[in-house]
Q: 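Mind looking over this structure? Questions follow.
Every heavy atom of this structure was used, including side-chain atoms; hydrogens, water molecules and symmetry mates were not. The model shown is predicted, which means the values in this text are computed figures rather than measured ones.
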Amino acid sequence: MIGRLLRIFFLFALAAFLVSRLFSRRQKRALREVAQISAWVLLGASLATLVWYLVMLYFKHIPDAY
């Protein structure tokens, strides 16, 4: 478990290092905007899913086993 987390952290650190070395300032800004928009989209999707499950739970369409 800890090894997997360290491997993921290492891959993110390696990707950040490569981006900082290989890309220009304009490309870094574009990547940051893409990451920011993606984060907002994922947040909206998770919020919509949570609301959907709460509505389904309220109307008892989800079995009690969950």
Side-chain angles (χ1 to χ4, degrees):
M1 178 74 176
I2 292 176
R4 185 179 297 166
L5 290 174
L6 287 175
R7 190 178 324 142
I8 291 171
F9 177 76
F10 176 73
L11 288 175
F12 276 119
L14 183 64
F17 176 73
L18 288 175
V19 165
S20 69
R21 284 293 193 187
L22 297 177
F23 290 166
S24 68
R25 186 171 288 175
R26 183 181 301 158
Q27 289 171 326
K28 287 185 219 174
R29 189 178 308 130
L31 279 174
R32 183 180 181 275
E33 289 176 4
V34 167
Q36 191 174 16
I37 291 170
S38 300
W40 279 112
V41 167
L42 286 174
L43 181 66
S46 63
L47 184 63
T49 304
L50 177 64
V51 168
W52 175 255
Y53 274 110
L54 288 175
V55 167
M56 296 300 282
L57 186 64
Y58 179 76
F59 290 113
K60 303 284 187 190
H61 289 290
I62 298 176
D64 292 333
Y66 292 138

Q: List, by chain and number, the other hydrophobic cluster members for Leu42, where Ile, Leu, Val, Met, Phe, Trp and Tyr join if side-chain heavy atoms come within less than 4.5 Å, directly or indirectly.
A: none
Q: May I have the list of side-chain donor-acceptor pairs in residues 5-14 shorter than 3.5 Å, sequence neighbours left out?
A:
none

Q: So Arg32 and Gln36, side-chain contact (heavy atoms from CB on, under 4.5 Å) or not? Walk me through it.
A: CA-CA 6 Å; Arg32 183 180 181 275; Gln36 191 174 16; 3.9 Å; yes
Q: For residues 17-26, tabulate all N or O donor-acceptor pairs below 3.5 Å that involve a side-chain atom, not counting sequence neighbours.
A:
from: Ser20; atom 1: OG; to: Ala16; atom 2: O; distance (Å): 3.3
from: Ser20; atom 1: OG; to: Phe17; atom 2: O; distance (Å): 2.8
from: Ser24; atom 1: OG; to: Gln27; atom 2: N; distance (Å): 3.4

Q: Does one hydrophobic cluster hold both Tyr58 and Val55, with members joined at side-chain heavy-atom distances below 4.5 Å?
A: yes
Q: Passes side-chain contact (heavy atoms from CB on, under 4.5 Å), Leu43 versus Trp40? Steps please.
A: CA-CA 5 Å; Leu43 181 66; Trp40 279 112; 3.7 Å; yes
